[in-house]
Amino acid sequence: MAGGTGVAVLVAGCSGSGGSGELASNETATVTITPGNGSASVKPDSPIEVKASNTTLENVTVRGEGVSITGKLSADRRTWRSDRTLTPGASYTVTAQSRHDGKPATATSTFTTLKPARTLSVIDVTPNLKGEKVGVGMPIMVRFNRPVADRAAVERVLRVTPEKPVEGAWRWIASDQVIYRTRTYWAPHQKVRFSARLAGVPAGKGVYGTKDIDQTISIGAAQITTGNISKHRMTVTRDGKKLRTVPFSAGNGQTREYTTTSGVHLLMEKASPVKMISPGRKKGDLGYYETVVNYAVRFSSSGEYTHAAPWSVGSQGYANVSHGCLNLSTANAKWYYDIMQRGDVLKLTGSDREVEWNNGWSFWQESFADWKKGSALS
């Protein structure tokens with residue numbers, strides 16, 4: 001009995017969910033609730049509707065095991081309609097209170113929603129570390145437990161609400177991952193709320209969302225690093241004020257692999273120590289290396305870090321001798337490691353190798369106009 005209607009006949013002078021009789025006007029007052037009482041396997045994206053005939057609705061409430069359901073009452077108080085999808089595999093009870101000729105009456109309907117064979121859920125939201133403050137370039141990265149067939153339906157229920165408004169857009173970079181980036185950097189020192197009203201959303205091919213997500217992200221100081229690879233120095237600012245100029249030694253440029261990328265990077269993670277091994281080579285191969293470094297801050301997926309390199313201090317500020325990382329003195333590397341926030345901006349110029357927009361978190365390499373083209377709603 002999926003999606004049926006429940007009709008309560010409301011008689012003047014009576015109070016209850018049923019009954020029969022004639023009003024003085026010879027008109028019967030009724031309240032119809034859809035889905036009807038006892039309905040089962042109701043599709044989660046089906047609306048709840050309440051309609052009143054020859055009476056007016058005073059209040060409609062929905063209680064259940066799933067997400068909280070609210071709705072909108074029409075101006076004439078004759079209809080009410082829910083404003084969101086329902087939780088799959090849940091039981092709900094609708095209570096409609098009405099009034100006719102000054103007499104109250106109540107109608108109810110209890111029903112259950114479909115429990116689908118396949119469901120969609122969020123398995124990761126980045127950033128997500130407890131107590132973390134992130135940089136002003138930080139994207140919001142959402143990963144699902146399965147490929148999303150109806151991306152538009154899912155994207156419509158994703159909301160980003162900063163305290164200090166800025167335009168932004170979602171881009172699907174895989175069938176199970178979508179990323180939010182703003183047109184300009186976040187304003188520093190604010191909270192950003194991310195929510196996904198995913199419960200009951202039809203994600204295509206019989207898949208429904210299981211539950212909502214609500215998360216608050218803290219934006220920290222605006223820490224921006226600008227560096228020139230050919231001049232071997234970078235300047236770090238916080239909220240527009242200069243903190244330090246740091247000499248470095250970048251990639252030696254003998255190969256593309258050993259060339260530090262120019263472009264807008266974001267700081268991704270840090271660790272100490274980190275073992276660095278030459279990619280695509282094994283022991284005995286020409287150019288093989290294996291080095292353990294301290295105070296390493298990653299800024300690409302192709303193996304670029306800032307890190308302590310006491311062996312190259314003599315070249316730092318004067319020559320590029322590394323395999324692609326930014327070599328710093330131990331003191332400077334530790335200082336940078338200690339102040340970094342995931343999502344801090346690192347702008348590098350001065351090399352002939354441009355970082356790809358999808359290398360690490362270098363999403364700011366894309367113009368915002370191009371970024372928006374990756375939205376399912378564009």
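For this chain, numbers begin at 1 and follow the sequence in order.
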For Thr245 and Thr235, what are the C-alpha separation, side-chain angles and deciding distance, and is it a side-chain hydrogen bond (donor to acceptor under 3.5 Å, both in side chains)? CA-CA 4 Å; Thr245 295; Thr235 298; 3.2 Å; yes

Note: Gly350 and Asn228 closest approach over all heavy atoms is CA-OD1, 4.0 Å

Residue Tyr318 excluded, over 12 heavy atoms near OH under 6.0 Å: no

Hey, are the side chains of Val192 and Tyr180 touching, using non-hydrogen atoms and a 4.5 Å cut-off? no

Is Leu129 close to Arg342 at the side-chain level, that is, under 4.5 Å between some pair of heavy atoms? yes

For the backbone of Ile339 and the side chain of Gln223, can you confirm whether one donor and one acceptor N or O come within less than 3.5 Å of each other? yes

Kindly say whether Ala169 contributes a backbone atom to a donor-acceptor pair with the side chain of Trp371 at under 3.5 angstrom? yes

Could you tell me if Thr87 and Glu65 have a donor-acceptor pair between their side chains, going purely by distance under 3.5 Å? no

Provide the closest heavy-atom pair for Pro162 versus Trp186 in the form atom of the first, atom of the second, distance. CB-CZ3, 3.9 Å

Checking Arg118 side chain against Lys205 main chain: does a donor-acceptor pair fall under 3.5 Å? yes

Please confirm whether Tyr258 and His323 have ring centers closer than 6.0 angstrom. yes

Judged by atom type as modelled, is there a donor-acceptor pair below 3.5 Å linking the side chain of Ser41 to the main-chain atoms of Leu114? no

What verdict does the side chain to side chain contact (heavy atoms under 4.5 Å, CB included) test give for Arg78 and Thr56, after you've listed the backbone C-alpha separation in whole Å, the side-chain angles of each residue and the deciding distance to 0.1 Å? CA-CA 5 Å; Arg78 295 297 180 95; Thr56 56; 3.7 Å; yes

According to the interplanar angle, ranging from 0 to 90°, do the rings of Tyr295 and Tyr337 count as parallel (below 30°), tilted (30 to 60°) or perpendicular (above 60°)? perpendicular

Could you state the interatomic distance from OG (Ser367) to CZ (Arg183), rounded to the nearest 0.5 Å? 9.5 Å

pair Phe248-Asn327: side-chain heavy atoms closer than 4.5 Å: no

Mark yes when over 12 heavy atoms from residues, nucleotides or ligands other than Arg63 sit less than 6.0 Å from its CZ; otherwise mark no. no

Residues Glu366 and Arg171 bridged, charged N to O under 4.0 Å: yes

Taking atom types as modelled, is there a side-chain donor on Thr61 or Asn59 under 3.5 Å from an acceptor on the other? no

In Thr32, Val31, Thr30, the residue satisfying side chain to side chain contact (heavy atoms under 4.5 Å, CB included) with Ser53 is Thr30

Within the side chain of Thr113, is there an N or O that forms a donor-acceptor pair under 3.5 Å with the backbone of Ala90? yes

Distance-only donor-acceptor check, side chains Thr112 and Lys115, under 3.5 Å: no

Could you walk me through whether Tyr208 and Thr85 pass the side-chain hydrogen bond (donor to acceptor under 3.5 Å, both in side chains) check? CA-CA 10 Å; Tyr208 286 91; Thr85 50; over 6 Å; no

Considering only heavy atoms from C-beta outward, does the side chain of Ser272 approach that of His307 to under 4.5 Å? no

Counting heavy atoms not belonging to Arg193, are there more than 12 under 6.0 Å from its CZ? no

Between Asn54 and Thr28, is any pair of side-chain heavy atoms under 4.5 Å apart? no

For a side chain to side chain contact (heavy atoms under 4.5 Å, CB included) check, start with the C-alpha distance between Leu86 and Ile48, then their side-chain angles and the critical distance, and finish with the verdict. CA-CA 9 Å; Leu86 311 171; Ile48 300 173; 3.9 Å; yes

Is it the case that the side chain of Ser351 and the backbone of Thr259 share a donor-acceptor pair, with hydrogens and angles ignored and the cut-off at 3.5 Å? no

Within the distance-only criterion (no hydrogens, no angle test), does the side chain of Arg84 pair as donor or acceptor with the backbone N or O of Ala199 below 3.5 angstrom? yes

Between Lys347 and Trp364, is the side chain to side chain contact (heavy atoms under 4.5 Å, CB included) condition met? List the steps. CA-CA 10 Å; Lys347 301 178 183 177; Trp364 293 93; over 6 Å; no

Run the side chain to side chain contact (heavy atoms under 4.5 Å, CB included) check on Ile179 and Ile140 step by step: do they pass? CA-CA 6 Å; Ile179 295 176; Ile140 301 174; over 6 Å; no

Treating Thr95 as the side-chain partner and Thr108 as the backbone partner, does any N or O pair qualify as donor plus acceptor under 3.5 Å? no

Would you mind reporting whether Leu326 and Val297 have side-chain heavy atoms less than 4.5 Å apart? no

ILVMFWY cluster, Tyr92 and Ile33 together (side-chain gap under 4.5 Å): yes

Do the side chains of Thr184 and Thr182 get nearer than 4.5 Å, heavy atoms only? no

Backbone N/O of Asn128 and side chain of Thr126: donor-acceptor pair under 3.5 Å: no

Is there a donor-acceptor pair closer than 3.5 Å between any side-chain N or O of Ser362 and the backbone N or O of Gln365? no

Show the nearest heavy-atom pair for residues Met276 and Val293, with the distance to one decimal. CE-CG2, 3.7 Å

Counting heavy atoms not belonging to Lys72, are there more than 12 under 6.0 Å from its NZ? no

For the student: nearest non-hydrogen atoms of Ala96 and Leu57, plus distance: CB-CD2, 4.4 Å

Heavy-atom pair of closest approach, residues Ser302 and Asn359: OG-ND2, 3.0 Å

Give the cluster check for Met340 versus Trp361: same hydrophobic cluster or not, with ILVMFWY residues linked at side-chain heavy-atom distances below 4.5 Å. no

In plain terms, say whether Lys191 and Glu163 are close enough for a salt bridge, that is, a side-chain N and a carboxylate O under 4.0 Å apart. no

At their closest point, which heavy atom of Asn37 faces which heavy atom of Ser109, and how far apart are they? N-OG, 2.8 Å

Please determine if Arg143 and Asp176 form a salt bridge, counting it only when a charged side-chain N lies under 4.0 Å from a carboxylate O. yes

Distance, nearest 0.5 Å, that separates CG of Asn320 from CD of Gln254: 11.0 Å

